[in-house]
Protein chains: 6
Amino acid sequence: MQNEERVAKGRQLVERMFGDGILNYLEGKAGSEGFGSQGARLALRDIFGGVWVDDTLSPRERSIATLSMLIALRAEGEIQNHVRGAVNNGLSAKEIEALILHSAYYCGFPASGVALQAAETVLTEMGKLNNAE
Amino acid sequence: MQNEERVAKGRQLVERMFGDGILNYLEGKAGSEGFGSQGARLALRDIFGGVWVDDTLSPRERSIATLSMLIALRAEGEIQNHVRGAVNNGLSAKEIEALILHSAYYCGFPASGVALQAAETVLTEMGKLNNAE
Amino acid sequence: MQNEERVAKGRQLVERMFGDGILNYLEGKAGSEGFGSQGARLALRDIFGGVWVDDTLSPRERSIATLSMLIALRAEGEIQNHVRGAVNNGLSAKEIEALILHSAYYCGFPASGVALQAAETVLTEMGKLNNAE
Amino acid sequence: MQNEERVAKGRQLVERMFGDGILNYLEGKAGSEGFGSQGARLALRDIFGGVWVDDTLSPRERSIATLSMLIALRAEGEIQNHVRGAVNNGLSAKEIEALILHSAYYCGFPASGVALQAAETVLTEMGKLNNAE
Amino acid sequence: MQNEERVAKGRQLVERMFGDGILNYLEGKAGSEGFGSQGARLALRDIFGGVWVDDTLSPRERSIATLSMLIALRAEGEIQNHVRGAVNNGLSAKEIEALILHSAYYCGFPASGVALQAAETVLTEMGKLNNAE
Amino acid sequence: MQNEERVAKGRQLVERMFGDGILNYLEGKAGSEGFGSQGARLALRDIFGGVWVDDTLSPRERSIATLSMLIALRAEGEIQNHVRGAVNNGLSAKEIEALILHSAYYCGFPASGVALQAAETVLTEMGKLNNAE
């Protein structure tokens, strides 16, 4: 896969995972020379256009990995983004809950509690937590 | 699945992932009243006989999650154990390397460097890094 | 102590430490199959009905330990809950301040600053910081 | 340098870095016996009147060090304060951005993202991010 | 309590908790101008001669707090020192084990596992883990 | 500066900071397809050939930043490497000691203690700690 092709695939992935609002925001930043523009280029070129599009692991598996890392790091805001991304990469609410419960034993109950709350917020917004559950 | 059945399945998983040396060690501890016995019971009953055997996520996916958390936590010794477990749950050396490279962007290069070294040690011991690679 | 008895004692402890609002919330979650219900069962059965009611350490000592861990982990929201719990397990505002100052040397001044602010908020709400101090 | 002289120099540094609002707040706390007074005395006497005024490293270099530590610790609120301090110790917006990009590789992209946002907020308030950039 | 008196009490505490080897090492460093001398003076004057001798919390309670923070920070080497200190401040092996099990739920199983191993090493050296246990 | 030129400058920096043993090791890895080769390419291309050679901050300042981050992350092995790099970027033993003492207040005394020991080992090897100090 050529470099340009990878970056294009990375942008598609950003759009699918987080929506075109986030994609446009990152592309706007990345195309400027303003504060934070280098970070946006790093995200689009090396993170999404680099590791995420490498199919040694599937997007679903990379969402599991990323959420696990963010929970361990207690990165609250990013957990919300990546719960959305995980759903759009095919994880169900039940699977995300199972991942968070798993984290309770490895990262501690407080870290999993923060994640549970962040996930509940996003899953509710996305209509993934219905009465039947 | 009944409680007893879960714990039995958890023990099988410990044996498959880490070998019967570790299983015997944990069972010996768990069956005693000595120092660390409660921790061993927690591992066998709640962690392996609890979350790990819950099939909402597969053992392969739980290995991805666990390794990701341990890398983020910089838990060097445990990374070695769980690289072994991950291989025995079906991850190839290439997949483990991809996971660690992914972690470089989310947890920082130093955390991924520690993991790379730990993984190289274990994968070499297991004969998973041959010349052809 | 039988299992059931422990869980009952754990619920009493949750009520004393955090109030019946939190107890009812956790029991409601734990009695459902909804998102987060497994986490609530873990809290009531294994954490409060498990380690907290084990009298090898007193509730007062477990509050000191828990607050210390949460400060080190920078778990801001949980610090607020456990300052309340600590007061209800017998720690005075002066003792909580001394614990936070101790943490400045072991966890760094920024971690202790976050804790100081969280504690001041809760202790003020509880009427524990009066003019005389 | 005598002790008293150091503390006096430390207060001047606090005023220059954070403004006299913060200095007055800390001095008010430090002069009282209220909750948090010991922490304020530690800050004025040992941190600002101790390490910060030791000229083995310049204030500019100590701002680089402090921001780096706070980013690694994910100490969001304190990052905001110390971005302000760093500007007042002579770092430009470009230099702060470069430091945060550096941190992306050592502390992970999520940690640098939190810092970037905190820095953007403060630098905008201080009028350091103009259109031309 | 005068400053000098506090420092003297702090030295006695260091000797009781860690033995005179450590006390002599720290005093030697603190009395020199060599590398690390400022750190040794900080330890003797502000940490042991400061917070540790403040009797708002007892040495036993400060040992519980310190161990809890070190477990959460995964500070392996220091855990060994402070297990020794905790025993010399009156904690039994059973109480230390209970504290570590408590930490499994708050800091995660891997953090508690590191602590369990460190504690077992030191408690064995100190002859506190006999057959009867 | 063109991409190729940056990478060439990055290699010179690696050689100056860590010696040609490390440079050869990284180049060997980076030129292979073996385990860890992607990590080595990331280091040479993006970290040393990317941020480190960007002269918005000097190598001396980037060494201060990197050491600060590594101390906060408790990344013991990497601290040793970067103490060596810092000396080769112009920091004296006294300046490194001042940085570590600074970290005691921001990251906690245990984190600074680990760094002090790592630094003492490397500085002694490099002949930077003589009797006169």
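Each chain gets a letter, A, B and so on, in the order the sequences are listed, and its residues count up from 1.
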>> Show me the pairs that pass salt bridge (Lys or Arg N to Asp or Glu O under 4.0 Å) and involve residues 105-124 of chain D, at least two apart or across chains.
In response: A:K29-D:E120
>> Please report the interatomic distance SG(D:C107) to CG(F:L70), rounded to the nearest 0.5 Å.
In response: 8.0 Å
>> Using only non-hydrogen atoms and a strict under-4.5 angstrom cutoff, which residues of residues 71-78 of chain F touch chain D?
In response: F:A72, F:L73
>> As an exercise, state the distance from OG of D:S58 to CD of F:E61, rounded to the nearest 0.5 Å.
In response: 7.5 Å
> Are side-chain heavy atoms of D:L99 and F:M69 found at a separation under 4.5 Å?
Replying inline: yes
> What residue, out of F:A104, F:A111, F:S103, has the most heavy-atom pairs lying under 4.5 Å from chain D?
Replying inline: F:S103
>> Check this for me: F:Q80, atom CD, are more than 12 non-hydrogen atoms of other residues, nucleotides or ligands nearer than 6.0 Å?
In response: yes
> Around atom CD of F:Q117, are there more than 12 heavy atoms of other residues, nucleotides or ligands at under 6.0 Å?
Replying inline: no
> Looking at F:K94 and D:T56, what are the two nearest heavy atoms and their distance?
Replying inline: O-CG2, 3.6 Å
>> If you compare all heavy atoms of D:L57 against all heavy atoms of F:R60, which two are closest, and at what distance to 0.1 Å?
In response: CD2-NH2, 4.2 Å
> What distance separates F:L67 CG from D:Y106 OH, expressed to the nearest 0.5 Å?
Replying inline: 10.0 Å
> Contact part of D:R62 toward chain F, heavy-atom cut-off under 4.5 Å: side chain, backbone, both or neither?
Replying inline: both
>> Heavy-atom cut-off 4.5 Å, strictly under: side chain, backbone, both or neither for F:S92 against chain D?
In response: neither
> Checking D:L42 against chain F: side chain, backbone, both or neither under 4.5 Å from a heavy atom?
Replying inline: side chain
